[in-house]
Amino acid sequence: MESTKRVITSKKKESLWQYMQKHWQLYIVFLMPAFLLTVIFKYLPMGGILIAFQDFNPMKGIAGSTWTGFENFTRFFNSPDFMSYLANTLKLSIYGLLWGFPVPIILALLLNRLQNRKLKSGIQMILYMPNFISVIVLCGMVRILLSVNGPINMLFHSSINFMTMPEAFRSIYIISGIWQGAGWASIMYTASLSNASHELREAAIIDGANIWQQMKVVDWPAIKGMVVIQFILSAGNIMSIGFEKAYALQTDLNNPTSEIIATYVYKKGLLEGNYSFSTAVGLFNTIINVVLLIVVNKIVSKMNDGQGI
């Protein structure tokens with residue numbers, strides 16, 4: 001039997017290879033555009049990291065600029081605000097991961113319990129809508145809601161300017177992010193739950209399992225793999241906070257907690273024109289992300305019976 005299976009698989013591989021050789025033009029037509037786009041927009045720009053080791057002059061280009069080695073990195077590490085920017089970035093990312101990561105999972109599990117399809121689709125549409133609001137529009141809404149004369153202060157009969165409070169910035173940033181992205185992020189878990197065994201759920205109901213036991217025995221195994229992958233990717237992107245939202249919610253008074261590495265890179269690179277220094281800071285950010293991704297993947301693999309990315 002084993003020899004027969006090997007012969008069948010070898011024939012399939014040979015037939016597939018022969019088919020690819022016969023219709024190679026078809027593969028070129030469909031794969032070449034994606035390949036070229038990936039090379040042009042993903043790999044060629046990687047050469048720009050050389051700027052981090054230069055005193056870059058846009059008029060002279062990369063080839064004509066003088067090399068400075070690790071001077072830009074040393075300048076960033078020796079900056080008096082380095083630890084502050086790093087701490088703000090890590091706090092926003094870690095708190096956002098701890099509070100925001102479970103929400104889509106909970107939403108997917110709750111939506112999966114709804115039997116009424118019309119009600120379920122209506123709730124899903126409401127949850128998905130915030131994802132299509134742009135970051136700038138979202139930040140404008142947040143500023144209006146939390147202004148001195150905004151709805152929040154009118155509701156509680158107060159006159160607090162939340163946007164000027166450094167201690168409130170992280171909560172505002174994280175809560176608004178959860179509201180905007182949790183519903184859309186639950187799509188992957190909802191799709192995974194569709195593969196849950198209906199027979200096993202019926203058997204659990206017959207055995208007298210309550211809702212929580214059903215989720216533990218039937219629903220959780222269906223989404224466990226997706227949860228592990230998403231957690232590893234999220235943990236690996238801890239340092240990858242976009243500057244747009246933090247910059248749009250930033251004020252002079254909440255700057256002690258809102259100034260992160262991404263906004264610092266934006267200000268130094270685009271506003272001040274210090275391209276070499278901002279590239280060095282961005283490269284440091286990327287290296288930290290890669291290291292975190294590898295470390296978290298190994299830790300989760302050991303805790304999850306060798307299953308990781």
Side-chain angles (χ1 to χ4, degrees), residues 31-94 96-97 134-136 139 169 173 177 232-252 254-298 309:
L31 294 179
M32 190 56 68
F35 175 76
L36 290 176
L37 287 173
T38 303
V39 171
I40 293 172
F41 293 103
K42 297 295 183 180
Y43 286 94
L44 290 182
M46 288 184 182
I49 64 174
L50 294 175
I51 298 174
F53 305 95
Q54 294 180 328
D55 183 11
F56 180 69
N57 188 333
M59 300 301 295
K60 297 180 180 179
I62 296 178
S65 300
T66 56
W67 294 89
T68 59
F70 292 93
E71 181 180 332
N72 292 314
F73 295 92
T74 305
R75 175 185 165 192
F76 178 57
F77 296 148
N78 293 333
S79 171
D81 297 320
F82 166 70
M83 291 305 300
S84 175
Y85 299 152
L86 181 61
N88 289 340
T89 304
L90 290 175
K91 286 178 181 178
L92 272 185
S93 299
I94 294 174
L97 180 63
S134 69
V135 175
I136 301 302
C139 294
F169 175 80
Y173 185 96
I232 293 173
L233 293 177
S234 299
N237 288 323
I238 278 181
M239 299 287 287
S240 297
I241 299 181
F243 82 94
E244 300 94 344
K245 187 177 177 181
Y247 187 72
L249 293 176
Q250 193 176 81
T251 63
D252 292 336
N254 67 18
N255 196 65
T257 55
S258 64
E259 187 72 2
I260 59 176
I261 292 178
T263 57
Y264 183 67
V265 170
Y266 170 75
K267 292 176 181 178
K268 287 292 182 181
L270 294 181
L271 299 185
E272 298 182 13
N274 198 337
Y275 305 111
S276 297
F277 182 69
S278 62
T279 304
V281 178
L283 180 58
F284 163 76
N285 213 23
T286 304
I287 293 173
I288 297 298
N289 276 334
V290 173
V291 173
L292 285 173
L293 180 63
I294 296 172
V295 171
V296 172
N297 185 35
K298 288 186 177 180
I309 295 181

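All of these numbers come straight from a predicted model, not from anything done at the bench.
A search for salt bridge (charged side-chain N to carboxylate O under 4.0 Å, His left out) contacts involving Glu71 returns nothing, not counting sequence neighbours. Here Lys267 pairs with Glu259 under the salt bridge (charged side-chain N to carboxylate O under 4.0 Å, His left out) rule; sequence neighbours left out. By the side chain to side chain donor-acceptor pair (under 3.5 Å) test, Thr89 pairs with no residue at all, sequence neighbours left out. For Asn88, the side chain to side chain donor-acceptor pair (under 3.5 Å) partners at least two apart in sequence or on another chain are Arg170. The salt bridge (charged side-chain N to carboxylate O under 4.0 Å, His left out) check on Lys268 picks up Glu272, with sequence neighbours excluded. Among residues two or more places apart in sequence or in another chain, the ring-ring contact (aromatic ring centres under 6.0 Å, His included) test is passed with Tyr85 by Tyr264. Every residue two or more places apart in sequence or in another chain that forms a side-chain contact (heavy atoms from CB on, under 4.5 Å) with Ala248 is listed here: Ile136, Cys139. Partners of Ile287 by side-chain contact (heavy atoms from CB on, under 4.5 Å), not counting sequence neighbours, listed by chain and number: Leu283, Val291.
In this structure, Phe70 places its CZ atom where only 12 or fewer heavy-atom neighbours from other residues, nucleotides or ligands lie under 6.0 Å away. Applying the 6.0 Å contact sphere to CG of Asp252 captures no more than 12 heavy atoms from other residues, nucleotides or ligands.
The NZ atom of Lys91 sits 10.5 Å away from the CG atom of Leu86 when rounded to the nearest 0.5 Å. Summarising the geometry, atom CZ belonging to Phe73 is positioned 9.0 Å from atom OG1 belonging to Thr279; distances are rounded to the nearest 0.5 Å. The OH atom of Tyr247 sits 5.0 Å away from atom CG of Leu271, with the distance rounded to the nearest 0.5 Å. Ile51 contributes atom CD1, which lies 10.5 Å from atom CG of Asn72 (distance to the nearest 0.5 angstrom). One finds the CZ atom of Phe284 at 6.0 Å from the CZ atom of Phe76 (value rounded to the nearest 0.5 Å). The distance from the CG atom of Leu92 to the OG1 atom of Thr257 is 8.0 Å, given to the nearest 0.5 Å.
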Quick one: do Asn254 and Thr251 satisfy side-chain hydrogen bond (donor to acceptor under 3.5 Å, both in side chains)? Show the steps, please.
-> CA-CA 5 Å; Asn254 67 18; Thr251 63; 3.2 Å; yes
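For the pair Ser93 (side chain) and Leu90 (backbone), a donor-acceptor distance under 3.5 Å is absent.
Of all non-hydrogen atoms in Gly269 and Ser278, the two that sit nearest each other are CA-OG, 3.3 Å. In this structure, Leu97 and Ala235 approach most closely via the heavy-atom pair CD2-CA, 4.2 Å. Taking every heavy atom of both residues into account, Ala246 and Ser258 meet most closely at CB-O, 4.2 Å.
Using a 4.5 Å heavy-atom threshold, the side chains of Val265 and Phe243 count as separate.
For the salt bridge (Lys or Arg N to Asp or Glu O under 4.0 Å) condition, no pair includes a residue of residues 233-245, sequence neighbours left out. Listed by first and then second residue, the side chain to side chain donor-acceptor pair (under 3.5 Å) pairs that reach into residues 282-294 are Ser240-Asn289, sequence neighbours excluded.
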Which atom pairs, donor and acceptor, lie under 3.5 Å between side-chain atoms of residues 59-68 and protein residues at least two apart or in another chain?
residue : atom : partner : partner atom : Å
Ser65   : OG   : Asn57   : N            : 3.0
Ser65   : OG   : Gly61   : O            : 2.6
Thr68   : OG1  : Phe53   : O            : 3.4

Name every donor-acceptor pair, under 3.5 Å, that has one atom in a side chain of residues 32-48 and the other anywhere in the protein, sequence neighbours excluded.
residue : atom : partner : partner atom : Å
Thr38   : OG1  : Ala34   : O            : 2.8

